[in-house]
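Notes follow the structure.
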Amino acid sequence: MRLVFLGAPGVGKGTQADKVAAQYRIRKISTGDLLREAVRNKTTLGLEAHEHMDQGKLVPDSVVIGLVREKLNDPSHANGFILDGFPRTVPQAESLAKVLVARDLHLDRVINFRVSREEIVKRLSGRRSCPKCQATYHVEFAPSKTSSVCERCGETLVQRSDDQPEAIETRLRVYEEQTAPLINFYEKKHLLSHLNGAETVETVYQNLVKALAIPQTA
Ligand code: AMP
């Protein structure tokens, strides 16, 4: 199964991708996670990406396309994959299509997660992350049982620089301008299913499983 999870930041694509990846034994490819890892490891790519990410802007297409192409070459993705946070621009979607065609592969479905802007701002601004094991919490909806430290590893939790109010605004604007056109792009290819992401994690997952069973219409 080859899937793309589309949606604004904070709609819960990553959480759902983790659940589907475990259930269907396929790999999740999150460009956000890959880029954050590169930043932590201070690689050349990480140094290039860092500033764009901090401001909530997109990392240049050439950088992320190279990253994803490398991952898709990895034999561990032969069973399928979920792309979480990629593509985010039309040129990225066109490059992905070329990479897949060259391998005689196709996407099975693109899921568009929808959540209101107000809810997204609430989710992102309250998010806290563990800088060591990458676990995520929410000050209101999913607080750490051990206060401001990570339940899993004891590290002090931090707010991601791109979850600060100014960066959230930029990310939402960038989403509207550069990523939202992909809805039309994939609709035309008869690949798109819309999903209400504002429900509980479990309800969204149940609806997602149903959507994944929908047969192809074209
Ligand atoms: P995410 O965790 O998916 O919200 O990604 C965090 C940040 O990584 C984004 O705000 C961008 O700066 C960068 N990023 C992730 N995926 C992409 C992508 N496909 N294209 C460009 N930049 C990306």
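Note that this is a predicted model, so its numbers are computed, not measured. Whatever order the structure lists ligands and atoms in, that order sets their numbers, starting from 1.
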Between [X] and ligand 1, which residue portion shows a heavy-atom distance shorter than 4.0 Å: side chain, backbone, both, or neither?
| X | result |
| --- | --- |
| Leu35 | side chain |
| Arg160 | side chain |
| Lys57 | backbone |
| Val59 | both |

Any [X] side-chain heavy atom under 4.5 Å of [Y] side chain:
| X | Y | value |
| --- | --- | --- |
| Val201 | Lys19 | yes |
| Arg25 | Met1 | no |
| Phe185 | Ile183 | no |

Open item on the list: Is it true that Asp74 and Ser76 share a donor-acceptor pair across their side chains at a distance under 3.5 Å?
Closed with: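 Ser76 vs Asp74: donor-acceptor pair found between side chains.
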Open item on the list: Is it true that Asp108 and His106 share a donor-acceptor pair across their side chains at a distance under 3.5 Å?
Closed with: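 There is such a pair between these side chains.
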- [ ] Flag Asp33 as yes when one of its N or O atoms lies below 3.5 Å from any N or O atom of ligand 1, and as no otherwise.
- [x]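 Checking ligand 1 against Asp33, no N or O pair falls under 3.5 Å apart.
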- [ ] Report, in ascending order of atom number, the atoms of ligand 1 lying under 4.0 Å from any heavy atom of Arg171.
- [x]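 By the 4.0 Å cutoff, the relevant atoms are 4 (O).
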Open item on the list: Under a 4.0 angstrom heavy-atom cut-off, which atoms of ligand 1 come close to Gln92?
Closed with: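 Ligand 1 atoms under the 4.0 Å threshold to Gln92: 18 (C), 19 (N), 20 (N), 21 (C).
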Task: Closest protein heavy atom to atom 16 (N) of ligand 1, given as residue, atom name and distance to 0.1 Å - done: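 Here the closest protein heavy atom is Thr31 OG1, 2.8 Å.
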Task: Proximity winner for atom 1 (P) of ligand 1, if only heavy atoms of Gln55, Met53, Arg88, Lys13 are counted - done: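 Considering heavy atoms of Gln55, Met53, Arg88, Lys13, the nearest to atom 1 (P) of ligand 1 sits in Arg88.
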TODO: Flag yes if more than 12 heavy atoms outside Gln206 fall under 6.0 Å of its CD atom; otherwise flag no.
DONE: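 Atom CD in Gln206 is crowded, with more than 12 foreign heavy atoms closer than 6.0 Å.
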Open item on the list: Given 3.5 Å as the limit, does a donor-acceptor pair link the side chain of Gln159 with the main chain of Ser125, or not?
Closed with: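 Confirmed, Gln159 side chain pairs with Ser125 backbone.
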